[in-house]
Every structure is written in C-alpha cells, then in structure tokens.
*Asks:* 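One structure coming up, written as structure tokens, with questions to follow.
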Amino acid sequence: MAKEPMRVLVTGAAGQIGYALVPMIARGVMLGTDQPVILHMLDIPPAAEALNGVKMELVDAAFPLLKGVVATTDVVEACTGVNVAVMVGGFPRKEGMERKDVMSKNVSIYKAQASALEAHAAPNCKVLVVANPANTNALILKEFAPSIPERNVTCLTRLDHNRALGQISERLNVQVSDVKNVIIWGNHSSTQYPDVNHATVKTSSGEKPVCELVADDAWLNGEFITTVQQRGAAIIKARKLSSALSAASSACDHIRDWVLGTPEGTFVSMGVYSDGSYGVPAGLIYSFPVTCSGGEWKIVQGLPIDEFSRKKMDATAQELSEEKALAYSCLE
Ligand SMILES: NC(=O)c1ccc[n+]([C@@H]2O[C@H](COP(=O)([O-])OP(=O)(O)OC[C@H]3O[C@@H](n4cnc5c(N)ncnc54)[C@H](O)[C@@H]3O)[C@@H](O)[C@H]2O)c1
Ligand SMILES: O=C(O)C[C@H](O)C(=O)O
C-alpha cells in the first residue's frame, strides 16, 4: 500500500541551500524513494517572487513523489502539520565575517519560529537547524518551544562529518564509502573537534583503524583538523558564497539516518541536546557520535577519550557556553 505523504518544511527555501535541497527531498533522497512528500517552503516577503519561481520549477520537474507544494511567506501556514522541519532561513556569513557576527540577526528569527512550530507542527515533528550559528539557533528554538521534546531538536554537523570522511578518503586514496566512524564533537564552527581515533577503513583484509593506516600523527593532529574546521571559510573564499550543495546533501543524510536508522556498526555526528555525556555540560546543543534506530538517536557511550581530545572537546563546549550567553543577551 502506498505510504501517506510526509510534510517537510524548508525555511529560507528561496536561498541557495534551499534551491539545492528541495529537489533532493522531492526525489526521495531525504526520506526514501517510496515516501511521498508535500513540500512546505517558507521565505520572507522580499524573496516571495523568487520562492514562487522555485515552486514553478518543482512543478516543471514532475517529481513522482511530490504530492504538493506550499510556498508561502506566512510562518503559520508554513509550519502547519509538518513532520520534518529543516530550518535554513537566516543570514549567511560573508567573506571576512566571524560566525558570531551573524548571531544577533539569526537568534531572534529562531525565537519567533520556535513558537510557530510548537503551535502548528505535527506532533513529534523532527527539527534540523542548518542556519548559523546552527547549535545556538537550535538551542534557542528548543528553549522557546518547550512543548517540543528536546530530543526532537537537532542541528547540522553532518556536513563537517562528511568533510572529515572526504579528507581521510583523499589522503588514503580509498573510497569515501569505505571510511566510517569519524566524529565531530561540539560546535559547527572553527572550534569543532574532528576526531578520527575511532574511525576505520574497510580494506581487503578487514576493517583497519584510520590512525594506523594514515600513520602520521602530526598530520592527523594538525592539518587534518584545521582543514575540516576551516572548510566552510575556504568554500566562502573560493565561491564568494557559502557551501550549498554539500550542506543540502548532508541535511538529507542527517534526516534520512535519523528517520530510517544508521547502518549496523556505523555512527554519525549530530548536534543534539547534551545530557552530560562525556562530561559535556548539559543544556548545550553539542555534536556527538550517535546511532539511530526507530526514529530515535542515541549518543554512542563509552568511547575512550585521551587528553588531547579532552582539551579540544572542552574548548568547543566553552565556546558554546559563551555563544549561549551572547544569544540571550541579543534577545534582551
Ligand atoms: N550547518 C551547516 O553545516 C551550514 C552549512 C552551510 C550554510 N549554513 C547556513 O545556512 C544558512 C542559509 O545559507 P544560504 O547559503 O542558503 O543563505 P541564503 O542567503 O542564500 O538563503 C537564506 C534564505 O533565508 C531567507 N530568510 C531570511 N530570513 C528569513 C526568515 N525569517 N524566515 C524564512 N526565511 C528567511 C532569505 O530570504 C534567503 O532566501 C546560513 O545561515 C548559512 O550560514 C549552515
Ligand atoms: O562556515 C560558514 O559560515 C558556512 C557553513 O557553516 C559551512 O560550514 O560551510
């Protein structure tokens, strides 16, 4: 029997990530090729005409799974009945801007949209915040939507996770699909800690630790980490625009794994509400290694953490605590 359509909200849908993301959703990349979808697209009035153009293109593409399109500048209409909300709307960082500069513009948007989602989304709606500062916007959304369960509010660090997989695959000259279990700890910012201590590569003689195959601690503890941390800025420098196709693709990966589950023996990185695991202060949205099953994520427990990792995990937690304080001061 055909499945009931799921309603997926994309905010900022007239922007560049939105333009890459909505066709992926309509093709079944996010929720599966047997899952019909109704797309809800929200943008602000100055972008209404462009948004309507995107709607026209979605109709023209004749996607078999796409059962309807709501394109609106009305946040209540956009949020009504949605099962998944991908929050991309906001102001991106431009060349030379630090992520903190975009904070005050974006947190007030997330406070307002929290209330609309809480009041009008479907029960158990899963929320993914992409817009920067992604962890702190997600935290504000969670705090101003107290009736949405905290486990349902997440932020995107899968792009960083995928960037780490990509760097390892290039360095070892192996297929990216053979590399797994890298971890992004902390903030989606330049203090994030990309950790390969638990990562493996599938080889003809079984799974081997990435650290053993790379066999170059100076590279792993230095250039590898900074390349992943600075990749967003490098893309902005090269394109004069922030990453879009990789962000859209990673957003699909995040929701797909959350809804449909992670493969056995594989973990992925998600920004989730900290419960104090690994000594990370509770009350932050922090990126952890997680596995997903039955529509729920669970933090991978019990991984050994060495002193080098501990320091980096604490530093990015510290930045998130400071961002949280700054966000609240912007809302006063
Ligand atoms: N977490 C990640 O990995 C990641 C990766 C790339 C980009 N980003 C962030 O994603 C966001 C979007 O990036 P982009 O390149 O698509 O930017 P963009 O400027 O092209 O698009 C953003 C869209 O949001 C709209 N918008 C602004 N305020 C809005 C509101 N209140 N409600 C609804 N829509 C609103 C704008 O009109 C615009 O169409 C930025 O904050 C960017 O920094 C995050
Ligand atoms: O770094 C940015 O501001 C853009 C985005 O978050 C990215 O990681 O590409």
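All residue numbers refer to positions in the sequence shown, counting from 1. Remember, it's 1-based here, ligands and their atoms both numbered in the order they're listed.
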*Asks:* Are any of the side-chain nitrogens in Lys180 or Glu207 under 4.0 Å away from the carboxylate oxygens of its partner?
*Replies:*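 Glu207 and Lys180: salt-bridged.
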
*Asks:* Around atom 8 (N) of ligand 1, find the nearest protein heavy atom and jot down its residue, atom name and distance.
*Replies:*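 It is Asn132 ND2, 3.5 Å.
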
*Asks:* Taking the basic N atoms (NZ, or NE/NH1/NH2) and the acidic carboxylate oxygens, is any pair closer than 4.0 Å for Arg171 and Asp216?
*Replies:*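 Salt bridge flag = yes for Asp216 with Arg171.
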
*Asks:* Whether Lys312 engages the ring of Trp185 as a cation-pi pair (distance to the six-membered ring centre under 6.0 angstrom, angle to the ring normal within 45°) should be assessed.
*Replies:* no

*Asks:* Any idea which protein heavy atom is nearest atom 2 (C) of ligand 1, and the distance to it?
*Replies:* His188 NE2, 3.2 Å

*Asks:* Short N/O distance, under 3.5 Å, between His188 and ligand 2?
*Replies:*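 Yes; at least one N/O pair falls below 3.5 Å.
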
*Asks:* Between Trp297 and Phe288 (judged by ring centroids, cut-off 6.0 Å), do the two rings come close enough to count as a pair?
*Replies:*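 Not close enough - the centres of the two rings lie 6.0 Å or further apart.
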
*Asks:* Please write down residue, atom name and distance for the protein heavy atom closest to atom 13 (O) of ligand 1.
*Replies:* Ile17 CD1, 3.5 Å

*Asks:* Look at ligand 1 and say whether Gln113 reaches it with a heavy atom at a distance under 4.0 Å.
*Replies:*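 Yes, Gln113 has heavy atoms under 4.0 Å from ligand 1.
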
*Asks:* Using a 4.0 Å heavy-atom cut-off, which part of Ile109 comes near ligand 1: side chain, backbone, both, or neither?
*Replies:* side chain

*Asks:* Can you tell me the protein heavy atom closest to atom 17 (O) of ligand 1 and the distance?
*Replies:* Pro92 CG, 3.6 Å

*Asks:* Which residue supplies the protein heavy atom nearest to atom 44 (C) of ligand 1, what is that atom called, and how far is it?
*Replies:*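 Protein heavy atom with the smallest distance to atom 44 (C) of ligand 1: Val130 O, 2.9 Å.
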
*Asks:* Nearest protein heavy-atom contact for atom 39 (O) of ligand 1: which residue, which atom, what distance?
*Replies:*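 For atom 39 (O) of ligand 1, the nearest protein heavy atom comes out as Asp43 OD2, 2.7 Å.
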
*Asks:* Measuring from Ser177:OG to Lys202:NZ, what's the distance to the nearest 0.5 Å?
*Replies:* 7.0 Å

*Asks:* Quick one: which of Asp160, Thr316, Asn135 gives a side-chain hydrogen bond (donor to acceptor under 3.5 Å, both in side chains) with His188?
*Replies:*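 Testing each of Asp160, Thr316, Asn135 against His188, the sole residue satisfying side-chain hydrogen bond (donor to acceptor under 3.5 Å, both in side chains) is Asp160.
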
*Asks:* Heavy atom under 4.0 Å from ligand 1: found in Ala247's side chain, backbone, both, or neither?
*Replies:*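 Answer for Ala247: side chain.
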
*Asks:* So which heavy atom in the protein is nearest atom 22 (C) of ligand 1, and how far is it from that ligand atom?
*Replies:*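 In this structure, atom 22 (C) of ligand 1 has Gly90 O, 3.4 Å as its nearest protein heavy atom.
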
*Asks:* Ligand 2 and Arg163, any nitrogen or oxygen pair closer than 3.5 angstrom?
*Replies:*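 Yes; at least one N/O pair falls below 3.5 Å.
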
*Asks:* Is ligand 1 under 4.0 Å from a heavy atom in the side chain of Val88, in the backbone, in both, or in neither?
*Replies:* both

*Asks:* Salt-bridged, Lys311 to Asp314, with N to O below 4.0 Å?
*Replies:* no

